[in-house]
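What follows is a structure written as structure tokens; I'll ask about it next.
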2 protein chains.
Amino acid sequence: MRVVKDAEERRNEILDAANELFAQKGFDGTSTNDILEKVGIARGTLYYHFKSKEDIMDALIERYSVRLIGAAQEIAVDKSTPVVERIIRVIMALNISDGSSQEIMEHIHKPQNALMHQKIQKVLINGVTPILADIIREGITQGLFNTPFPYECMEMVMIYANTIFDDDMVPMTNEELAHRAQALVYNIERLLGAESGSLMQVMQMFGS
Amino acid sequence: MRVVKDAEERRNEILDAANELFAQKGFDGTSTNDILEKVGIARGTLYYHFKSKEDIMDALIERYSVRLIGAAQEIAVDKSTPVVERIIRVIMALNISDGSSQEIMEHIHKPQNALMHQKIQKVLINGVTPILADIIREGITQGLFNTPFPYECMEMVMIYANTIFDDDMVPMTNEELAHRAQALVYNIERLLGAESGSLMQVMQMFGS
DNA sequence: TATTACCGACAGGCAGTCGGTCTATAAAGT
DNA sequence: ACTTTATAGACCGACTGCCTGTCGGTAATA
């Protein structure tokens, strides 16, 4: 029973299957056999569309990051919402993420998926930091913030938050987590030269 | 030609070989065959001493982290050197590292070694941060620093510096690197509530 | 003589390759 | 208009070579 489909359609079928399997069992724990059985194709077909197993992962990350950074960008350019609120919205967009990309983030935080996590972190850091830095610069012209290093500040915050909250790099109880969050807001205010408590106030409007 | 050795000696021979090979070819790129051929032992012998390939990596990391954190601790408790200088010495101990551990850090920063890097980062962050935080608290009592979150500050700095300077997470030219370093010192001063330029001065005494 | 260290053949599973097959569509012939 | 032929894109599955981990058995040491 041979079924011929448009190349792009097949590619997406494979990516969808891989996405689910990687989430369940990790990259190393998933065999190419698992993937091609799930899609219902032969070995050769898989390697017709992708040149290697890692190539599948890269394509998956690409698809994911395009969506995510696009969403962040969209929020960032909306000059009608105040600067501080916009920052928070951008950050929230990273964690929640929409529909199909959701699964990927839920199960990535296992040591199994170290490489995948590293690659995602890389596109996240280099993709989102410039977006955030632009908002900060806007805040500086408005007199809200004051720092000679807006980009580096956001880079630091991005990397730290990503590592602390998304990895199991630092084992934490819920208490410790809350304490970390509180400290982070305080530290961001200091880094950005914002008035003490100015970020905290806006944060509380969103809960958590 | 069967040679019998003390278990611990063999274990270390295996770890030394693995250390070198992982550095050259990465964890995934190194086969257990490579290791046992380099040591000159049979398959069974390798698995007599280690229960899996990953077990070898874990033992390697353990050996490495014990040395490194020990060295950091030693510097930290020497109350005769001034606080700021001590901090810098601890951080420098992480990058240079002595002899046998040196190689491991030199070649880890390839995407191949993602898992290994993640594991090392984990022990580094959770092992060194408390040491640094203690020095900061000392600095607070001396009136040098002023922050309600000494631990979280150092955690942020550790994670950021490790990611930025040790990974190829963020591609950088030498100029950009220098700019990052400058920004980092500035930001650390802000985080710790130190007098502006107080860290910078001491840094310059060390060069780089 | 018992324990500890060691051996190497073997099983099972894996990623990636390759020659060949099917099918849809376009071109050529009638 | 209607069939035949050509071509390229999508697909197939057997096969290769490598890899990790196991196990029954063997030599050395105390």
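The sequence lines fix the lettering, A, B, ..., with proteins before strands; numbering per chain opens at 1.
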What's the CD1-P distance between I56(A) and dC14(C), to the nearest Å? 14 Å
If you assign S31(A) and K5(B) each to the DNA chain C nucleotide with the nearest heavy atom, which residue ends up on the more 5' nucleotide?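 The 5'-side residue here is K5(B).
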Separation of K53(A) atom NZ from dG13(C) atom P, in whole Å?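 K53(A) atom NZ is separated from dG13(C) atom P by 15 Å.
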Provide, to the nearest angstrom, the distance between the NE2 atom belonging to H49(A) and the P atom belonging to dC12(D). 9 Å
What residues 41-48 of chain A contributes to the DNA chain D interface at heavy-atom separation below 4.0 Å is I41(A), A42(A), R43(A), G44(A), T45(A), Y48(A)
Salt bridge check: are D134(A) and R86(A) linked by an N-O gap of less than 4.0 Å?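 Salt bridge flag = no for R86(A) with D134(A).
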Within this structure, what is the CG-to-C1' distance between D6(A) and dA8(D), rounded to whole angstrom? 14 Å
Write out a two-atom table: protein N or O, nucleotide N or O from nucleotides 27-30 of chain D, distance below 3.5 Å.
from, atom 1, to, atom 2, distance (Å)
dA27(D), O4', R2(B), NH1, 3.3

Could you check how far CG of L36(A) sits from P of dA15(C), rounded to whole Å?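 About 9 Å, once rounded to whole Å.
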On DNA chain D, does the nearest nucleotide to E8(A) precede the nearest nucleotide to K51(B) from the 5' side, or the other way round? Give the residue.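 It is E8(A) whose nearest nucleotide is closer to the 5' end.
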How far apart are the C-alpha atoms of F27(B) and F22(B), what are their side-chain angles, what is the distance that settles it, and do they pass the ring pair (Phe, Tyr, Trp, His ring centres under 6.0 Å) test? CA-CA 5 Å; F27(B) 179 75; F22(B) 288 169; 5.2 Å; yes
Check the surroundings of atom CG in N174(A): do more than 12 heavy atoms from other residues, nucleotides or ligands lie under 6.0 Å from it? no
How many Å lie between CG on D34(B) and C1' on dT20(D), as a whole number?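 Atom-to-atom, D34(B) to dT20(D), this comes out as 13 Å.
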Return the minimal non-hydrogen interatomic distance between Y160(A) and E152(B), and the atom names on each side.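 Minimum heavy-atom separation between Y160(A) and E152(B): OH-O, 4.1 Å.
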Whole angstrom is fine here: how far is it from CG in D28(B) over to P in dC18(D)? 17 Å
Does OP1 or OP2 of dC19(D) have a side-chain N or O of T32(B) closer than 4.0 Å?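 So the side-chain polar atoms of T32(B) never come under 4.0 Å of the phosphate oxygens OP1 or OP2 of dC19(D).
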Does A7(B) or S52(A) map to a spot on DNA chain C nearer the 5' end, using the closest nucleotide for each?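 Final value for this comparison: A7(B).
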Can D34(B) and K25(B) be counted as an ion pair, charged N to O under 4.0 angstrom? yes
Is E8(A) paired with R11(A) through a side-chain N to carboxylate O contact shorter than 4.0 Å? no
Quick note, side chain to side chain donor-acceptor pair (under 3.5 Å) partners involving residues 40-52 of chain B, not counting sequence neighbours, are T32(B)-R43(B)
Are E54(B) and K119(B) close enough for a salt bridge, meaning some N to O gap below 4.0 Å?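 Salt bridge flag = yes for K119(B) with E54(B).
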Between atom CG in L21(A) and atom P in dA15(C), what is the gap in whole Å?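 It works out to 12 Å between those atoms.
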What do you reckon, is CD of E176(B) surrounded by more than 12 foreign heavy atoms closer than 6.0 Å? yes
